[in-house]
Amino acid sequence: MKISIPKGTKDILPGEIEKYKYVQTAFADMLENFGYSQIRFPVFEYTELFQRGVGDTTDIVQKEMYTFNDKGGRSVTLRPEGTASVVRSYIENGMSSNTQPVKLYYDITAYRYENVQKGRYREFNQLGAEILGSDSCNADVEVLFMLYSFFNGLGIQGLHLNINSIGCKTCRAEYNSILKEYFSDKTDNMCADCKRRYITNPMRLLDCKVDKCIEIAKDAPMLLDNLCDNCKEHFYNVTAGLDEINIPYIINKRIVRGLDYYVRTVFEFIAEGLGAQNTVCAGGRYDGLVEQLGGTDTPGIGFAMGLERLVETMKNSGFKFPTAKTPVIFIGYIGEKAFKVARTIANELRLKGIYCEIDINDRSLKAQLKFADKKDALYSVVLGDAEIDTNKAIIKNMKTQETKEVSIDSIVRRVVENII
RNA sequence: GUGGGUAUAGCUCAGUUGGUUAGAGCGCUAGGUUGUGGCCCUAGAGGUCAAGGGUUCAAAUCCCUUUAUUCACCCCA
């Protein structure tokens, strides 16, 4: 039977990988300028971390986790996201004793057992970051400024920042009862899902895509209009901060993050032209999470962006990605004796940091040059017995056809010093 | 879990109302008179027509089942 790649995964091949690397490097560079350090954590964690961190009632935990027992009988799970692990690490490594706030970024693959569709995979790449130990609105604004600048720098068009506040535990409890009251006499006309949501999670009623439910929910009271005074002030300060530094945003009262740990500020960067899965980056504040996972009460804010979706959006925006490296010079040869000289030159150049190609398939000179052309080499030189005897060879500029006779001894120096 | 589309060479795709050795372009390998690439020409390799079953004298083509893939719902990066 033919071996095939697992559903929802993909190989990232040469030609495509350069695009990913470009974004990953740009991300790391920017994050480090904002004072973040990289963190790495395991691909799998004990299942309990995600159950408690992401939340037992979320879709991620209920139906999307890659969970299995290891040989010691412990239940482990492939990470469906990064925040829970970062917080676990923060607690476990005593980072509450570090200079506050602690800023960490990560570049990971994540795993969710979902049905695949455009922009959604079972293994996918996330670039994310967390700030732990700041409850100030300045943290929120700084994160949003950084992300806005990052996307701007990548030349992305049609990406819109949507923000909302979903309050804290206290205002949310109060809001839920307000919401239930509003919907109490309307449940008969709602879809089956919404009837269930009415009981389990009334806030989700606002998210339904069914026409009649949208109609019913249209005039429902919004959480944003029912925040407690502290949350209201925090949100006001965040938007005021964004206004001050001219970051455009849309207040989207319908953003309800799907992970349990979010409080107060939540946001998404939504792209045009990506299909149904159009959220490129999402995040928010999670002030209670550290405590919930057994640490001391520590506020936090973070985000994650989907690398696949981001690269796709950049392609849609016509971004000119860097292409793969091409050889500076191709060293051709005729005969065994010449090969040994050519090999020495090639390897010397390579060790001096120059990308140099040489045929290792015993091909004819014609095939060698064809190879050089396919690899898009800038220069070529051919060594044969005559050249070796006279210590002279012709270097050719493959683009301009110009040729130049040089001594074989000088080839390495000429290429390194770029005087060809 | 639910619904729709698709499945022929490494890639993009032709393939007539069922008709005999299944095609093209690109790519790959080699050659075009023993030492100079691209363009052009020639040749070669590479297909259980997704798999299994059925109808038929005859199936890539029609029917059924399965699988894969893709888009969408739910939800999310």
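Here is how names work: the chains are called A, B, and so on, in the same order as the sequence lines, proteins then strands, and each is numbered from 1. None of these values were measured; they are calculated from a predicted model.
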> With a 6.0 Å cut-off (strictly less than), is the heavy-atom count around OH of A:Y20, excluding the residue itself, greater than 12?
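Counting neighbours around OH of A:Y20, more than 12 heavy atoms of other residues, nucleotides or ligands fall under 6.0 Å, so yes.
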
> What's the CG-C1' distance between A:N162 and B:rA77, to the nearest Å?
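To the nearest whole Å, that distance equals 15 Å.
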
> Would A:F371 count as stacked on B:rG37 if the rule is ring centres under 5.5 Å and plane angle under 30°?
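Given the distance and angle limits, no, they do not stack.
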
> Quick one: do A:D135 and A:R285 make a salt bridge, cutoff under 4.0 Å?
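Looking at A:D135 and A:R285, the cut-off is not met.
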
> Please check if the number of heavy atoms outside A:E174 that lie under 6.0 Å from its CD is greater than 12.
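Atom CD in A:E174 is not crowded, with 12 or fewer foreign heavy atoms closer than 6.0 Å.
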
> Distance check needed: B:rC76 P versus A:F267 CZ, whole Å only.
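Atom CZ in A:F267 sits about 15 Å away from atom P in B:rC76.
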
> Could you check whether any side-chain N or O of A:T400 sits under 3.5 Å from a backbone N or O of A:E402, counting only pairs where one atom can act as donor and the other as acceptor?
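Side chain of A:T400 to backbone of A:E402: a pair is present.
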
> Can you tell me the distance, in whole Å, between the CD atom of A:Q277 and the C1' atom of B:rC73?
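Spelled out: CD on A:Q277 to C1' on B:rC73 is 10 Å.
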
> Dot-bracket for RNA chain B, 5' to 3', with Watson-Crick and G-U pairs under 3.5 Å, [ ] for crossing pairs and | for other-strand pairs: what is it?
(((((((..((((.....[...)))).(((((.......))))).....(((((..]....))))))))))))....

> Is A:K374 near enough to B:rC28 that one of its side-chain N or O atoms lies under 4.0 angstrom from OP1 or OP2?
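For B:rC28, OP1/OP2 do have a side-chain N/O of A:K374 under 4.0 Å.
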
> B:rC76 C1' sits how many Å from A:M305 CE, rounded?
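Distance, rounded to whole Å: 16 Å.
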
> Of all the choices, B:rA77, B:rG35, B:rC75, which nucleotide is nearest to the side chain of A:A386 once you look at every atom?
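Looking only at heavy atoms from C-beta outward on A:A386, the closest nucleotide is B:rG35.
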
> How is A:D376 classified with respect to the nucleic acid when contacts are heavy atoms under 4.0 Å: base, sugar-phosphate, or nothing?
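The residue A:D376 makes no contact with any strand.
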
> Scan A:G275 against the nucleic acid and name what it touches under 4.0 Å (heavy atoms): base, sugar-phosphate only, or nothing.
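Touches sugar-phosphate only.
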
> For B:rA77, does OP1 or OP2 lie under 4.0 Å from any side-chain N or O of A:R120?
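So the side-chain polar atoms of A:R120 never come under 4.0 Å of the phosphate oxygens OP1 or OP2 of B:rA77.
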
> Closest to the A:E387 side chain: B:rC76, B:rG35, B:rG37?
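Between B:rC76, B:rG35, B:rG37, the one nearest the side chain of A:E387 would be B:rG35.
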
> Are any of the side-chain nitrogens in A:E16 or A:K19 under 4.0 Å away from the carboxylate oxygens of its partner?
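Looking at A:E16 and A:K19, the cut-off is met.
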
> Determine the interatomic distance between C1' on B:rA22 and the same-named atom on B:rA9; round to the nearest Å.
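It comes out at 11 Å once rounded to the nearest Å.
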
> Please state the P separation for the pair B:rG52 and B:rC13 - nearest whole angstrom.
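Going atom to atom, P in each nucleotide, I get 25 Å.
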
> Under a 4.0 Å threshold between the charged nitrogen and the carboxylate oxygen, would A:E18 count as salt-bridged to A:K21?
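Looking at A:E18 together with A:K21, the answer is no, because their closest N to O distance does not fall below 4.0 Å.
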
> If you check every side-chain atom of A:A304, which of B:rG35, B:rC74, B:rA77 has the closest atom?
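Side chain of A:A304 sits closest to B:rA77.
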
> Okay, side chain of A:S410, backbone of A:V406: is any donor-acceptor separation there less than 3.5 Å?
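Flag not set: sc A:S410 to bb A:V406 has no pair under 3.5 Å.
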
> Over how many whole Å does the gap from A:Q62 atom CD to B:rC74 atom C1' extend?
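Atom-to-atom, A:Q62 to B:rC74, this comes out as 12 Å.
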
> Between B:rA72 and B:rC49, how far apart are the two C1' atoms, rounded to whole Å?
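One C1' to the other, the span is 29 Å.
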
> What's the gap between B:rU16 and B:rA77 when it is taken at their C1' atoms, as a whole Å value?
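About 48 Å, rounded to a whole number of Å.
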
> Any base atoms under 4.0 Å from A:E64, or only sugar-phosphate, or nothing? Heavy atoms, all strands.
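The residue A:E64 makes sugar-phosphate contact but no base contact.
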
> List every contact pair, protein side and nucleotides 2-10 of chain B side both N or O, where the distance is under 3.5 Å.
unit_1	atom_1	unit_2	atom_2	d
B:rU2	O4	A:N115	ND2	3.1

> Give one of base, sugar-phosphate or nothing for A:R112, where a contact means two heavy atoms less than 4.0 Å apart.
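Base, at least one base atom sits under 4.0 Å.
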
> For nucleotides B:rA43 and B:rU36, find the distance between their P atoms and express it as a whole number of Å.
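About 25 Å, rounded to a whole number of Å.
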
> Within the pair A:S364 and B:rG31, is there a side-chain N or O less than 4.0 Å away from OP1 or OP2?
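So the side-chain polar atoms of A:S364 do come within 4.0 Å of the phosphate oxygens OP1 or OP2 of B:rG31, strictly under.
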
> Rounded off to whole Å, could you give me the CG-to-C1' distance for the A:D362 and B:rU34 pair?
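That distance rounds to 16 Å.
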
> Quick check: on RNA chain B, is the nucleotide nearest A:E308 upstream (toward 5') of the one nearest A:G384, or the reverse? Name the residue that is more 5'.
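Nearest nucleotide further toward 5': that of A:G384.
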
> Taking atom OH as the centre, does A:Y182 end up with more than 12 heavy-atom neighbours from other residues, nucleotides or ligands that are less than 6.0 angstrom away?
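Yes - once you tally the heavy atoms of other residues, nucleotides and ligands closer than 6.0 Å, there are more than 12.
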
> Distance check, P atoms only: B:rG15 and B:rU20, in whole angstrom units.
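Those two atoms are separated by 16 Å.
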
> Please list each protein N or O that sits under 3.5 Å from an N or O in nucleotides 38-47 of chain B, with the distance.
unit_1	atom_1	unit_2	atom_2	d
B:rG38	O4'	A:D373	OD2	3.0
B:rG38	O6	A:Q401	OE1	2.6
B:rG38	O6	A:Q401	NE2	2.6
B:rG38	N1	A:Q401	NE2	2.5

> Mind checking the P distance from B:rG37 to B:rU69? Whole angstroms is fine.
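Result for the P pair: 45 Å, nearest Å.
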
> For nucleotides 66-70 of chain B, print each protein N/O atom paired with a nucleotide N/O atom at under 3.5 Å, atom names and distance only.
unit_1	atom_1	unit_2	atom_2	d
B:rU69	OP2	A:K7	NZ	3.1

> Looking at B:rC75, B:rG35, B:rA77, which one has an atom nearest to any side-chain atom of A:I334?
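Selected nucleotide: B:rG35.
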
> Do the side chains of A:E45 and A:R88 get close enough for a salt bridge, i.e. N-O under 4.0 angstrom?
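The answer is yes: the pair qualifies as a salt bridge.
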
> Does A:K10 qualify as a cation-pi partner of A:Y121, given the criterion of NZ or CZ under 6.0 Å from the six-membered ring centre and within 45 degrees of its axis?
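Relative to the ring axis of A:Y121, which defines the angle, A:K10 lies inside both limits.
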
> What residues, two or more places apart in sequence or in another chain, satisfy salt bridge (Lys or Arg N to Asp or Glu O under 4.0 Å) together with A:K399?
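Expected list: A:D376.
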
> For the side chain of A:L365, counting heavy atoms from C-beta on, which of B:rC76, B:rU29, B:rU36 is nearest?
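The nucleotide sitting nearest to the side chain is B:rU36.
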
> Take atom C1' in B:rA58 and the same atom in B:rC26, then report the distance between them in whole Å.
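The answer is 34 Å between these two C1' atoms.
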
> Assign the ring pair A:Y22 / A:F321 to parallel, tilted or perpendicular, where the plane angle (0 to 90°) is split at 30° and 60°.
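Perpendicular.
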
> Would you say the side-chain atoms of A:S136 pair up with the backbone N or O of A:N138, donor to acceptor, closer than 3.5 Å?
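Indeed, once roles are kept as given, a pair shorter than 3.5 Å links the two residues.
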
> Could you pull out all donor-acceptor pairs under 3.5 Å where a side-chain atom in residues 122-132 of chain A meets a protein atom, sequence neighbours excluded?
unit_1	atom_1	unit_2	atom_2	d
A:R122	NE	A:E114	O	2.7
A:R122	NH2	A:E114	O	3.2
A:E123	OE2	A:Y111	OH	2.8
A:N125	ND2	A:E308	OE2	2.9
A:E130	OE1	A:Y286	OH	2.5
A:E130	OE2	A:T83	OG1	2.8
A:E130	OE2	A:Y106	OH	3.3

> Does atom NZ of A:K352 have more than 12 heavy-atom neighbours, drawn from other residues, nucleotides or ligands, at distances under 6.0 Å?
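It does not: A:K352 NZ has 12 such atoms or fewer within range.
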
